[in-house]
There are 2 protein chains.
Amino acid sequence: MLTPDIYTQIRESLSAHGLKVTPQRVAIYGDVLQSIEHPTAEQVFANISTTHPGISLGTVYKTLDSLSEKGLIKKVKTGAGIQRFDARHENHHHLFCQKTQKIIDYTDPELEQLIASYFQKKKIQNFEVSGFELNINGEQIKTQPNN
Amino acid sequence: MLTPDIYTQIRESLSAHGLKVTPQRVAIYGDVLQSIEHPTAEQVFANISTTHPGISLGTVYKTLDSLSEKGLIKKVKTGAGIQRFDARHENHHHLFCQKTQKIIDYTDPELEQLIASYFQKKKIQNFEVSGFELNINGEQIKTQPNN
DNA sequence: GTGTCTGCAAAGAATTTGCAAATCA
DNA sequence: TGATTTGCAAATTCTTTGCAGACAC
């Protein structure tokens, strides 16, 4: 659950990016922000339908689009034909679990630094690098539960 | 243009993966192999329609699916809701041009080595890494033409 | 007030599915 | 011959669009 104070930040952020502050937008942005699931439009819609019964799926699509246009959220690069969204701003990477199809955030300043410094010294011909994300493929493994 | 000998390899490869060798499959796999564009199903369909006038788009979808199931090709992770395919086997990464939406292959053994050795020493909790791809975002820049 | 945003429903893409006929092994 | 694969068309799924009324500023 998000604290009220975060909703204040959401409102300010929308406003600062020239987007009118509507309950729908606050709810949608808030949901993506708090979600660790990298939700699809449908999932966001399902999540906020409980608190915003009247909301329409079209609005969710439009809003996710506006938010990603303004850079408040990002479209996650997946190999499937469905779009998923991510609201984290810091550089981070994604673990793709091939078994469960889950996408898990992965952050490590060391990795960040490692790749960034690679690009600093290595210039790619005819291409100006503005950022990067690492897709890490593999499988989630269960730790032995202590029964 | 692919040499006839590569078509032989395609046939053997299909066969070795338990897929029956049909003209359609050979054409589709061949097209993805030779394409540097990371084509969509529609693009493959358009490309091979000239040489295989009767082919159906549904077949292209089914075949791309079979091929990627067998690991002969891969679905490229993009941020858009359209699937694109890649037939390269060696580890390689992708440059995403934000201006033209083009996807360009990028290979560098040094980068490969850099990240691989990172994962060797750094274990991620509850996750077994089987591979990785780096998405490099930025813009293609024109080299000054010598006018 | 005025321009933007929402909800709805319809349209449009992209992809999948079912099945009879054709094809490969 | 028998199992797979194809082509076709219909069905689904995902996403976008247009527009009238509602809302934010």
Side-chain angles (χ1 to χ4, degrees), chain A residues 7-8 10-32 38-46 48-49 51-70 72-73 75-85 101, chain B residues 7-8 10-32 38-46 48-49 51-70 72-73 75-85 101:
Chain A
Y7 281 110
T8 305
I10 289 176
R11 286 192 190 87
E12 282 170 2
S13 183
L14 288 172
S15 206
H17 286 84
L19 297 171
K20 293 200 168 167
V21 178
T22 68
Q24 293 88 339
R25 283 183 174 161
V26 174
I28 291 167
Y29 189 16
D31 185 71
V32 181
H38 305 79
T40 64
E42 293 274 359
Q43 284 167 346
V44 173
F45 175 68
I48 63 180
S49 280
T51 46
H52 291 74
I55 202 164
S56 118
L57 182 56
T59 299
V60 175
Y61 274 104
K62 281 176 195 164
T63 300
L64 290 171
D65 235 52
S66 309
L67 294 176
S68 89
E69 223 168 74
K70 298 294 182 183
L72 296 176
I73 65 176
K75 298 184 177 180
V76 180
K77 291 193 171 71
T78 70
I82 306 178
Q83 293 178 199
R84 298 174 65 164
F85 299 86
Q101 308 303 325
Chain B
Y7 282 109
T8 306
I10 289 176
R11 287 192 191 86
E12 282 169 3
S13 184
L14 289 172
S15 206
H17 287 83
L19 297 172
K20 294 202 169 168
V21 177
T22 68
Q24 293 89 338
R25 282 184 175 161
V26 174
I28 291 166
Y29 188 16
D31 185 71
V32 180
H38 305 78
T40 63
E42 292 274 0
Q43 284 167 345
V44 173
F45 175 68
I48 63 179
S49 279
T51 47
H52 292 73
I55 202 164
S56 119
L57 182 57
T59 299
V60 174
Y61 273 105
K62 282 177 195 164
T63 299
L64 289 171
D65 235 52
S66 308
L67 293 177
S68 89
E69 224 168 72
K70 298 293 181 182
L72 295 175
I73 66 176
K75 298 185 176 180
V76 180
K77 290 193 171 73
T78 72
I82 306 179
Q83 295 181 196
R84 297 174 67 165
F85 298 87
Q101 307 302 326

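Letters A, B, ... mirror the listed sequences (proteins, then strands); counts begin at 1.
Here C:dA14 presents its C1' atom at 13 Å from CD of B:Gln43, a figure rounded to the nearest Å. What separates NZ of B:Lys62 from P of C:dC19 is a distance of 12 Å, to the nearest Å. Atom CZ of B:Phe45 and atom C1' of C:dT15 are 14 Å apart (whole Å). Nucleotide D:dT5 holds its P atom 16 Å from the OH atom of B:Tyr29, rounded to whole Å. Here the C1' atom of nucleotide D:dC23 and the CZ atom of A:Arg11 are 15 Å apart, to the nearest Å. As a whole-Å value, the separation of B:Ile28 CD1 from D:dG7 C1' is 12 Å. Going from atom NE2 of A:His17 over to atom P of C:dT4 covers 18 Å, rounded to whole Å. When rounded to the nearest whole Å, the span between CG of B:Leu57 and P of D:dA10 equals 15 Å.
Of the candidate nucleotides D:dC25, C:dA25, D:dT6, D:dT6 has the atom lying nearest to any side-chain atom of B:Arg25. Side chain of A:Gln24, nearest nucleotide from C:dT15, D:dT5, C:dG7: C:dG7. Ranking D:dC25, D:dC14, C:dG7 by closeness to the A:Ile55 side chain, first place goes to C:dG7.
Residue A:Val60 forms a side-chain contact (heavy atoms from CB on, under 4.5 Å) with just one option from A:Val44, A:Asp31, A:Thr40, and that option is A:Val44.
Not one N or O on the side chain of A:Arg25 forms a donor-acceptor pair closer than 3.5 Å with the backbone of A:Thr63. Judged by distance alone, with hydrogens and angles left aside, the side-chain atoms of A:Arg84 form a donor-acceptor pair with the main-chain N or O of A:His38 at under 3.5 Å.
In this structure, B:Glu42 and B:Lys20 both approach DNA chain C, and ranking their closest nucleotides by distance from the 5' end singles out B:Glu42. Each of B:Gln83 and B:Pro23 was assigned the nucleotide of DNA chain C with the nearest heavy atom; the assignment lying further toward the 5' end belongs to B:Gln83.
Contact between the side-chain N/O atoms of A:Tyr61 and the OP1/OP2 oxygens of D:dT16 is not found at any separation under 4.0 Å. Taking side-chain N and O atoms only, A:Thr22 has a distance below 4.0 Å to OP1 or OP2 of C:dT6. At the phosphate of D:dG7, OP1 or OP2 sits under 4.0 Å from a side-chain N or O atom of B:Thr59.
Proximity of A:Leu14 to A:Thr22: side-chain heavy atoms (C-beta onward) are nowhere separated by under 4.5 Å. In this structure the side chain of B:Phe85 reaches within 4.5 angstrom of the side chain of B:Lys75, judged on heavy atoms.
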